[in-house]
Novice: 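The structure follows.
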Amino acid sequence: MSRTQSWLIVILTLIVLALIGWNFSSPDKSTSSPVLGDGSPTYQTQEATTFVYDPEGKLTYKLEADDVKNYTNTKLTWFTKPILTTFDTKSTSATPLKTWTVHANKAKLTHDNMLYLYGNVRVDSLNNASQLQRITTENATINLVTQDVASDDKVTLTGIGLKSEGMKMRGNLRNKTAELIEKVTTHYEIPHEEPNP
């Protein structure tokens with residue numbers, strides 16, 4: 001190999017090394033984190049289950065959904081086909097007792113623990129002895145801390161031996177109460193007792 005060829009190889013090697021070093025030192029714009037603000041969620045997932053516990057470590061509620069999208073900028077989380085299950089935190093049982101299930105087509109969770117439910121909202125009691133068995137409405141809100149529930153749409157309450165309808169409702173899942181506020185109609189079913197012979 002001639003002396004000229006050796007120098008040419010050394011110079012080319014130095015150029016290649018300089019280009020490699022320059023490539024590693026310059027920031028790669030294609031792999032940097034994207035700037036959100038175009039309406040895209042910060043993160044999203046499918047078939048998610050979230051468990052929430054109180055400060056004493058007791059299970060408060062479980063929230064399941066087919067699809068979850070979280071938006072950090074607006075501090076909102078959207079759920080598709082959510083199922084909320086609440087638990088009795090005052091129970092002394094080793095296994096937490098389920099108290100209610102809540103179903104809807106969609107839900108929005110805000111930073112202040114308010115769950116806004118949209119479309120075919122159904123709240124079912126998991127205690128067969130409870131006087132209030134089911135609440136159905138089109139839209140509702142639930143405060144996940146206090147378990148206050150409210151709706152400004154037509155609401156149907158179904159209980160043991162009764163069915164009531166009204167245009168607004170306020171209640172509390174923890175206390176198993178619901179009050180219809182406007183245009184209330186109630187139908188009672190009185191069980192027929194067989195006479196003793």
Novice: Nearest 0.5 Å, please: how far is CD in Glu47 from CD in Glu64?
Specialist: 10.5 Å
Novice: Under 3.5 Å, is there a donor-acceptor pair between the Asn127 and Ser125 side chains?
Specialist: no
Novice: Is the side chain of Thr60 donor-acceptor paired with the backbone N or O of Asp54 at a distance under 3.5 Å, no angle test?
Specialist: yes
Novice: Is Met114 reachable from Leu76 through a run of hydrophobic residues whose side-chain heavy atoms are each under 4.5 Å from the next?
Specialist: yes
Novice: Same cluster or not: Val123 versus Phe87, using hydrophobic residues (I, L, V, M, F, W, Y) connected whenever any side-chain heavy atoms lie under 4.5 Å apart?
Specialist: no
Novice: Is a side-chain donor or acceptor of Asp153 paired with a backbone partner of Asn139 at a separation under 3.5 angstrom?
Specialist: yes
Novice: Looking only at non-hydrogen atoms, find the nearest pair between Thr45 and Asp67 and report the distance.
Specialist: O-OD1, 3.3 Å
Novice: Between atom NE2 of His103 and atom CZ of Arg122, what is the distance when rounded to the nearest 0.5 Å?
Specialist: 4.5 Å
Novice: Should we count NZ of Lys108 as having more than 12 external heavy atoms under 6.0 Å?
Specialist: yes
Novice: Taking atom types as modelled and ignoring hydrogens, do the side chains of Asn175 and Thr177 form a donor-acceptor contact shorter than 3.5 angstrom?
Specialist: no
Novice: Mind checking whether Tyr116 and Met169 sit in one hydrophobic cluster, side chains of I, L, V, M, F, W, Y counted as touching below 4.5 Å?
Specialist: no
Novice: Kindly say whether Thr86 contributes a backbone atom to a donor-acceptor pair with the side chain of Thr99 at under 3.5 angstrom?
Specialist: yes
Novice: Roughly how far, to the nearest 0.5 Å, is the OG1 atom of Thr141 from the CG atom of Asn143?
Specialist: 8.5 Å
Novice: Give a yes or no on whether the backbone of Ser151 and the side-chain of Thr137 come within a donor-acceptor separation of less than 3.5 Å.
Specialist: no
Novice: Is any side-chain heavy atom of Leu144 less than 4.5 Å from a side-chain heavy atom of Val52?
Specialist: no
Novice: Taking Trp100 as the fixed residue, which of Leu132, Asp88, Val149, Ile142 is the one that meets the side chain to side chain contact (heavy atoms under 4.5 Å, CB included) rule?
Specialist: Leu132
Novice: Check this for me, if you would: do Glu182 and Lys168 make a salt bridge, where the nitrogen-to-carboxylate-oxygen distance has to be below 4.0 angstrom?
Specialist: yes
Novice: Strictly distance-based, threshold 3.5 Å: is any side-chain N or O of Gln46 a donor or acceptor partner for the main-chain N or O of Ala65?
Specialist: no
Novice: Check Lys154 with Glu138, please: is the shortest side-chain N to carboxylate O separation under 4.0 Å?
Specialist: no
Novice: To check you understand the geometry: which heavy-atom pair defines the closest contact between Tyr71 and Thr74, and what is its length?
Specialist: CB-OG1, 3.3 Å
Novice: Please determine whether residues Leu59 and Leu115 belong to a single hydrophobic cluster, defined as Ile, Leu, Val, Met, Phe, Trp and Tyr linked transitively by side-chain heavy-atom distances below 4.5 Å.
Specialist: no
Novice: How long is the straight-line distance from CZ of Arg134 back to CG of Leu157, given to the nearest 0.5 Å?
Specialist: 12.0 Å
Novice: So which atom in Lys62 and which in Phe51 form the shortest heavy-atom distance, rounded to 0.1 Å?
Specialist: CD-CE2, 3.3 Å
Novice: Between OH of Tyr61 and CG of Asn113, what distance do you get to the nearest 0.5 Å?
Specialist: 5.5 Å
Novice: Any chance you could measure Gln44, atom CD, to Thr80, atom OG1, to the nearest 0.5 Å?
Specialist: 10.0 Å
Novice: Check the hydrophobic clustering (I, L, V, M, F, W, Y; side-chain heavy atoms under 4.5 Å; chains of links allowed) and say if Trp78 and Val68 are grouped together.
Specialist: no
Novice: Is the side chain of Thr77 donor-acceptor paired with the backbone N or O of Leu109 at a distance under 3.5 Å, no angle test?
Specialist: no
